[in-house]
Asker: 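Pasting a structure here, questions to come.
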Amino acid sequence: MRLRGAILSVLVLAALITGAAPAVAGGSGPYPAGYETSYRLPDHTIYRPNTLPAGVRLPIVAWGNGACRADGTWFENVLTEWASHGFLVIANGRPGGWGSTSSDMLVEAIDWAVAENSRVRSRYYGRIDTTRIAVMGQSCGIETYEVADDPRITTTVLWNSGLLRDSQNHLLQGLHAPIAYFIGGPEDIAHGNAMDDWRRLPAGLPAFMGNLDVGHYGTFAEPNGGEFGRVGGHWLKWQLKGEAASRAQFVGPDCGLCSTEWDVLRKNM
């Protein structure tokens, strides 16, 4: 069963492409990024640095859209932003696509990236860090929960999301990797659900909860994904690249987010 969150009111202009180069170049990171498609992964949109950086292996980020919507460019701003910091971000759905997604699509994205890293004629051959994998989802976050027991996953991240019913609580027991919640404050329709999940997390699981009073739609429509893009980038750089400066945003009594407009909760960190 998939969580049907409120539809994100972000309009993204996108074109269906099949070329080798990303469609757009952007993001605030050191590697201007965009998106492409692959016939080997036909129901997804792949965000990557426009020019694959030499000597840099890209960790994998599998992304599930809000409302389980199969449009891989619906969250183009934030996904391009993260790719520009040296990540391979794979969104469910083709550019400008329609229909519904499923949690299986997140696994398909990971499987494709792992295979491409080993395929000799792939542009990604030896360029992907298959030991560092994040799964993320906005609103329709139960898709993320449904695959969180995959042992390959390094971190799980939910945006404006939480389980709808107690009958789904068993999914929380499959969590094994550090988890982060980025929620839009009490006005976010997912706030109560996320806080309930927080109280039910497995003992000992490293966990971060950040609430910013921006509501259910977050800041995804802003350039580079706004504050959600910035903070999400730090979480990825800490969890998937081990960057100390990004770790400092979340850890310690004087953490980077602790004295800001974010309301912060932490466990086992």
Side-chain angles (χ1 to χ4, degrees), residues 5 8 10 26-31 33 47 59-66 74-89 91 132-139 141 144 153-162 177-188 190-191 194-195 197-198 201 205-269:
L8 178 65
V10 179
S28 69
Y31 314 114
Y47 294 80
I60 301 165
V61 180
W63 172 266
N65 302 309
W74 207 17
F75 289 80
E76 180 181 345
N77 286 6
V78 72
L79 303 185
T80 302
E81 167 66 10
W82 293 333
S84 78
H85 287 273
F87 298 95
L88 182 68
V89 185
R132 297 289 183 267
I133 301 173
V135 288
M136 292 183 165
Q138 195 273 344
S139 188
T144 304
I153 290 172
T154 307
T155 184
T156 304
V157 186
L158 283 90
W159 301 85
N160 314 102
S161 185
I179 188 169
Y181 295 83
F182 298 105
I183 311 300
E187 298 303 313
D188 187 337
H191 179 267
M195 298 307 298
D197 292 356
W198 174 261
L201 290 175
L205 185 73
F208 177 88
M209 171 71 74
N211 266 280
L212 185 67
D213 291 336
V214 292
H216 190 63
Y217 303 142
T219 63
F220 297 107
E222 297 178 13
N224 302 321
E227 181 67 359
F228 273 24
R230 184 187 75 84
V231 173
H234 278 303
W235 182 265
L236 291 174
K237 285 188 282 187
W238 173 28
Q239 294 294 320
L240 302 187
K241 294 189 174 188
E243 295 191 9
S246 291
R247 177 182 183 273
Q249 294 293 312
F250 306 98
V251 176
D254 299 320
C255 78
L257 298 184
C258 290
S259 58
T260 68
E261 294 181 353
W262 286 89
D263 292 325
V264 171
L265 295 173
R266 295 170 290 184
K267 295 181 179 181
N268 307 307
M269 294 176 61

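Side chains are part of it too, since the values below use all heavy atoms of this structure and drop only hydrogens, waters and symmetry mates.
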Asker: To the nearest 0.5 Å, what is the distance between OG (Ser84) and OH (Tyr47)?
Answerer: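 Interatomic distance, Ser84 OG to Tyr47 OH, rounded to 0.5 Å: 12.5 Å.
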
Asker: Identify the two heavy atoms, one from Ala33 and one from Ala83, that lie closest to each other, and give their separation to 0.1 Å.
Answerer: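 Answer, listing the atom of Ala33 first, then Ala83: CB-CB, 3.7 Å.
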
Asker: Keeping the roles fixed (side chain from Lys267, backbone from Trp198), state whether a donor-acceptor pair exists under 3.5 Å.
Answerer: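 Flag set: sc Lys267 to bb Trp198 pair under 3.5 Å.
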
Asker: Can you tell me how far CD of Gln239 sits from OG1 of Thr156, rounded to the nearest 0.5 angstrom?
Answerer: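 The CD atom of Gln239 is 10.0 Å from OG1 of Thr156, to the nearest 0.5 Å.
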
Asker: Measure from the side-chain N and O atoms of Thr260 to the backbone N and O of Leu257, and report whether any donor-acceptor pair falls under 3.5 Å.
Answerer: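 Yes, Thr260 side chain to Leu257 backbone: donor-acceptor pair under 3.5 Å.
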
Asker: How long is the straight-line distance from CE of Met195 back to CG of Leu265, given to the nearest 0.5 Å?
Answerer: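 The distance works out to 5.0 Å.
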
Asker: Counting heavy atoms not belonging to Arg247, are there more than 12 under 6.0 Å from its CZ?
Answerer: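 It does not: Arg247 CZ has 12 such atoms or fewer within range.
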
Asker: What I want to check is whether the side chains of Glu227 and Trp262 have a donor and an acceptor closer together than 3.5 Å.
Answerer: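 Short answer, yes.
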
Asker: Any side-chain heavy atom of Trp159 sitting closer than 4.5 Å to one from Trp63?
Answerer: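 Yes. Closest side-chain heavy atoms under 4.5 Å.
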
Asker: Within this structure, what is the CD1-OG1 distance for the pair Ile60 and Thr154, rounded to the nearest 0.5 Å?
Answerer: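 Those atoms lie 8.5 Å apart.
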
Asker: Heavy atoms only: give me the nearest Gly218-Asn160 pair and the separation to one decimal.
Answerer: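 Closest heavy-atom pair between Gly218 and Asn160: N-ND2, 4.3 Å.
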
Asker: Which atom pair, heavy atoms only, marks the closest approach of Phe182 to Ala180?
Answerer: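 Shortest heavy-atom contact: CE1-CB, 3.7 Å.
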
Asker: Are Arg266 and Phe250 packed together at the side-chain level, in the sense that at least one heavy-atom pair is separated by less than 4.5 angstrom?
Answerer: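 No, too far: nothing below the 4.5 Å cut-off.
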
Asker: Between Arg230 and Ser28, does the side chain to side chain contact (heavy atoms under 4.5 Å, CB included) criterion hold? Intermediate values first, please.
Answerer: CA-CA 9 Å; Arg230 184 187 75 84; Ser28 69; over 6 Å; no

Asker: Counting the benzene-type ring for Trp, do Phe228 and Phe220 have ring centres under 6.0 Å apart?
Answerer: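 For Phe228 and Phe220, the ring centres are under 6.0 Å apart.
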
Asker: Side chains of His85 and Glu81: any donor to acceptor distance under 3.5 Å?
Answerer: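 Indeed, the side chains of Glu81 and His85 share at least one donor-acceptor pair under 3.5 Å.
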
Asker: So how far is it from Trp238 CH2 to Glu243 CD, rounded to the nearest 0.5 Å?
Answerer: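 If we round to the nearest 0.5 Å, Trp238:CH2 and Glu243:CD are 13.0 Å apart.
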
Asker: Are any of the side-chain heavy atoms of Ile183 and Met209 separated by less than 4.5 Å?
Answerer: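 Ile183 vs Met209: side chains touch.
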
Asker: Give the minimum heavy-atom separation between Gly27 and Asn224, together with the two atoms involved.
Answerer: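 The pair with the smallest heavy-atom distance is CA-OD1, 3.5 Å.
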
Asker: List the steps, then state whether side chain to side chain contact (heavy atoms under 4.5 Å, CB included) holds for Phe75 with Thr80.
Answerer: CA-CA 9 Å; Phe75 289 80; Thr80 302; over 6 Å; no

Asker: For side-chain hydrogen bond (donor to acceptor under 3.5 Å, both in side chains), just list the numbers for Asp188 and His216, CA-CA rounded to whole Å, side-chain angles, deciding distance to a tenth of an Å, and then say yes or no.
Answerer: CA-CA 4 Å; Asp188 187 337; His216 190 63; 2.6 Å; yes

Asker: Testing the basics here: between Gly86 and Pro59, what is the closest heavy-atom pair and its distance to 0.1 Å?
Answerer: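 Reported closest heavy-atom pair: O-CD, 3.3 Å.
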
Asker: Quick one: does Asn77's side chain have a donor or acceptor within less than 3.5 Å of a partner on Gly225's backbone?
Answerer: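 Between the backbone of Gly225 and the side chain of Asn77 there is no qualifying donor-acceptor contact (under 3.5 Å).
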
Asker: Side chains of Leu205 and Pro178: does their closest heavy-atom pair fall under 4.5 Å?
Answerer: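 No, every pair of side-chain atoms sits at 4.5 Å or beyond.
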
Asker: Please determine, by modelled atom types, if Trp235 and Thr155 share a side-chain donor-acceptor pair under 3.5 angstrom.
Answerer: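 Per modelled atom types, Trp235 and Thr155 side chains form a pair under 3.5 Å.
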
Asker: Between CD1 of Ile179 and CZ of Phe208, what distance do you get to the nearest 0.5 Å?
Answerer: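 So the CD1 of Ile179 and the CZ of Phe208 are separated by 12.5 Å.
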
Asker: For this output row, return yes or no: ring centroids of Phe87 and Trp82 closer than 6.0 angstrom.
Answerer: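 When the ring centroids of Phe87 and Trp82 are compared, they turn out to be at least 6.0 Å apart.
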
Asker: Please report the closest heavy-atom contact between His191 and Gly185, naming both atoms and the distance.
Answerer: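 Closest heavy-atom pair between His191 and Gly185: CB-O, 3.3 Å.
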
